[in-house]
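Residue numbering restarts at 1 for every chain, and letters A, B, ... go by the order of the sequence lines.
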Amino acid sequence: MEAYDHKKIEEKWKDIWFKENLYEAEDFSSKPKRYILAEFPYPSGKAIHVGHAMRYTVPDVYSRYLRMKGYNVMFPMGWDAFGLPAENYAIKTGEHPSKLTHQIIIDYKEAVQRMGYSFDWNREIATTDPSYYKWTQWLFLKFFNAGLAEYKEAPVWWCERMKTVLADEEVINDKDGNKISERGEYPVEKRMFKQWVLKTPQYAEKLLEGLDKVDFPDTIKTAQRNWIGKSEGAGVLFDIEGEKALVFTTRPDTLYGVTFIAIAPENPLVTKLIDRVKNKEDVLQYINKVKDRSDLERQIEKEKTGVILEGIRATVPLAGKKVPVFVADYVLAGYGTATVMGVPAHDERDFDFAKKFNLEMVKVIESKEGKVEENKCYVGEGTMVNSDKYNGMKSEDFKQKIMEDLEKEGLGKQSTIFKIRDWVFSRQRYWGEPIPLVHLEDGTIKPIVDVNNPSDVKKKLPLVLPELPNYSPNEDGSSPLDRDKEWVNTDFDGRKAKRETNTMPNWAGSCWYYLRYCDPKNDEAFADKEKLKYWLPVDKYFGGAEHTTMHLLYSRFWHRFLYDQKLVPTEEPYQWRLNGGLLLGADGRKMSKSYGNVVEPGEYIEKYGADSLRLSICFLGPYEDTYPWNSNSIKATNRLIQTIYSLKDKLSNDKPTKDVEKSYNLMVKNVTNMIENLKINTCISEIMIFVSKFKNEKKINEDIYKGLVKVISPFAPFVAEEIWQEINKFKEWKRENSVHLQEWPLFNESLIEENILTIPVQVNGKVRTSIKVTKDESEDSVKERVENNEKVIKYLEGKPIKKFIYIKGKIINVVV
RNA sequence: GCCCGAGUGGUGGAAUGGCAUACACGCAACACUUAAAAUGUUGUGUCCUUAUGGACAUGCGGGUUCGACUCCCGCCUCGGGCACCA
């Protein structure tokens, strides 16, 4: 009897599988395809941690299972190696990012291979590889040519610490409500900058519609819907001293309750009106003051602020009433038309503002539930009052009616607006894809290549990122690439030109990586159309919750645009999505070096083996939940493996006992169903239950043992292969003999079913005893026996039976 | 404030209308051992009871049902997202 030596076993199979590329996915195979994707890692430290192991183990188990079920499975892996995480790490270590990412990729690859993940290494990609980012640049130009990429001056988030702008999605709130960067958690502030943006709002409607067609958890769908933020309402034209002011409102039914107009300090209307304003100095002073206030200050300010434009009046359309006009910073510059019609009686914010400035309140909706108190704000629906000829209408009906009437007069129309903003797509950092555009001296911007001309593309792309010895960011917010004058100064059709020096954000490469996996080595196109047609959409996409409104939304946006360009065959990239939970430190806090609670998988692989680690990760609980790391559970899973391994010394051809046969078939049935439904944690329980029965047998039936080895092979691939080779007495390694290319075992339902069942008997819903019934016994016969059962009689206490319920094979309930 | 999600033993969790607490961890006792570790066996929701047995328990309060962790209504707590979005 030899002891289980995980080190020897795992080292051996890791190398053999890699050399063979055992898990190759075949383009155009006649087998049904399954595209299983787990988000690729971005290198931001020197080694993978156990959190990565959690993210990849479950998808790997599932991929391995599908392969054994006869699917042509693509389960690819790559490296998202551009961007801030890698560059910040490079700065910290003093190593050049290009050298550092190269080394990290080698380390990560070794680490994931040690975990036994069944990736198809022929499809490995790295976003930093020029042959990859050539196509990131090409795709960007598609956006540019379609008018969806624009160079635009706008208030954007600036991170002083990282010296770069960030997208809205990359800015989060800390515990105190301060705005910080998602990456690094540094403070950020709004600043005016000229930046490249991709116009996501133009795809807002399509991104919303697409959500109805995919199988995502509700949490993701609602989070994306909230982020896109669709509001339906009306655009209404007000006249302000001869200037047209468009107001967006979701409540046109409150039009007759308008008692003031408020416009954002940044609204250009202010400039148009300012010379006619009597208190010009006050207004300018207010605008200046507001400009210096951060968004945070604006938010925490309890009282609303603003200033009246003296001598200026607005006319409410249809009503004809004249109302005062204010500049107020509760009106946001970036949303709607930056102009609000103030209805204090029916909007909380307008109410607060009106109270502060002692403005008139006009109630136009009477609540259904009865009279609304004077000087209270009522936001519900009801009956119209104080609204001229419309009095008495239901507010819901009036909403329609007023829009029609406004439209007739050319004073308004239905309109829909979205919260989602332009996606700020340029960064003032070195480690990203260069944007393939040039600026001519007359200010025009041109792509460096005609994307529709293959020979031009071949000649001019990729635009390679120059090797800057000093890649640190500039203090003034310009790009480090600006310093490389030789690179910057170029020509375009014989004219002098300067290259665009901003780089793309770290999200760029991940927007389309799942497309590249379908055809990773193509030099003529980002991917072959037929291959995309074969593989897409991604059938199961596993990733992190933190990407819900970032990568997951961005890549849906790219994909939908590419679909409209007829470059991809499906409307949506991912058919199904599951967000994985986190693995916390043993102390229940987020794993972090500063807490000293980071768990390195290497330590556990060393001590117990990757198989044990994989099992204990699977066993923790559902994939989508978050858990503190518990090093004890790996001891249990290690014990399980040792037990299974030792059973091979008791092999025999003797018939198995009925009990073992039943238990085995039940285990196979349950594990099969559970993997299909991705309930991986309970699979381990089922295996444990069977093994603890099986191990007590004096002799181990060989066929059943082989079945067991196949069942554990997706979970513990190394030890399964080792046992499989040995018990089949394969002299030398042959690819087709790998346990991982075998067929998933079948189960025999008839061996699981029992003829005699033990059924619990309830009296008034409480279990009091149980009786044995045969499978086909009639209800009458069961009833008779229950009625005569001693215990039942005792609990009936002589009362007559009101109702007798027998759910076949499950339960009996006697009601008195 | 609004929108999602979740609350089950000492701990991770199982059970989607049918025997609540599977499977583990931890703990305790015992066996093996000079001893410890490892391993194995048994026990382990709470309360009453010597036992047999019984009562109560899935955040709280109601409801539907023969039967509710599961479905419905109202709260509480925690986690996450959005947040002056007109």
Check your understanding: Side chain of Tyr286(A), backbone of Ile308(A): donor and acceptor closer than 3.5 Å?
Key -> no
Review point. Partners of Ser770(A) by side chain to side chain donor-acceptor pair (under 3.5 Å), sequence neighbours excluded?
Key: none
Exercise for review: With the side chain of Pro760(A) defined as its heavy atoms from C-beta on, choose the nearest nucleotide among rA15(B), rC19(B), rC66(B).
Suggested key: rC19(B)
Check your understanding: Any donor-acceptor pair under 3.5 Å joining the side chain of Lys304(A) to the base of rC84(B)?
Key -> yes
Check your understanding: Is it the case that Glu169(A) and Trp507(A) place a side-chain donor and acceptor less than 3.5 Å from each other?
Key -> no
Exercise for review: Could you check whether Pro217(A) gets within reach of a base, just the sugar-phosphate, or nothing at all, counting any heavy atom under 4.0 Å?
Suggested key: nothing
Check your understanding: How far, in whole Å, is rG62(B) from rG12(B) if one measures between their C1' atoms?
Key -> 32 Å
Check your understanding: Once the angle between the rings of His547(A) and His551(A) is folded into 0 to 90°, is it parallel (under 30°), tilted (30 to 60°) or perpendicular (over 60°)?
Key -> perpendicular
Point to revise | Nearest to side-chain heavy atoms of Asn630(A), which nucleotide of rG54(B), rC25(B), rA86(B) | key: rC25(B)
Practice item. Could you check which of rG13(B), rA24(B), rA83(B) has an atom nearest any side-chain atom of Met688(A)? Key: rA24(B)
Practice item. May I ask you to list the residues of residues 805-816 of chain A, by number, that have any heavy atom positioned under 4.0 Å from an atom of RNA chain B? Key: Ile805(A), Ile807(A), Lys810(A), Ile811(A), Asn813(A), Val815(A)
Show me the side-chain donor-acceptor pairs of residues 251-262 of chain A shorter than 3.5 Å, one per line, residues at least two apart or across chains.
unit_1, atom_1, unit_2, atom_2, d
Arg251(A), NE, Asp253(A), OD1, 3.1
Arg251(A), NE, Asp253(A), OD2, 3.3
Arg251(A), NH1, Val379(A), O, 2.9
Arg251(A), NH2, Asp253(A), OD2, 3.1
Arg251(A), NH2, Gly380(A), O, 3.4
Thr254(A), OG1, Arg251(A), O, 2.8
Thr259(A), OG1, Glu360(A), O, 2.9

Review point. Which of these nucleotides, rA86(B), rA20(B), rA14(B), is closest to any side-chain atom of Val767(A)?
Key: rA20(B)
Point to revise | Check: Phe804(A) main-chain N/O paired with Lys783(A) side-chain donor or acceptor under 3.5 Å | key: no
Check your understanding: If the C1' atom of rC69(B) is compared with that of rG17(B), how far apart are they to the nearest Å?
Key -> 11 Å
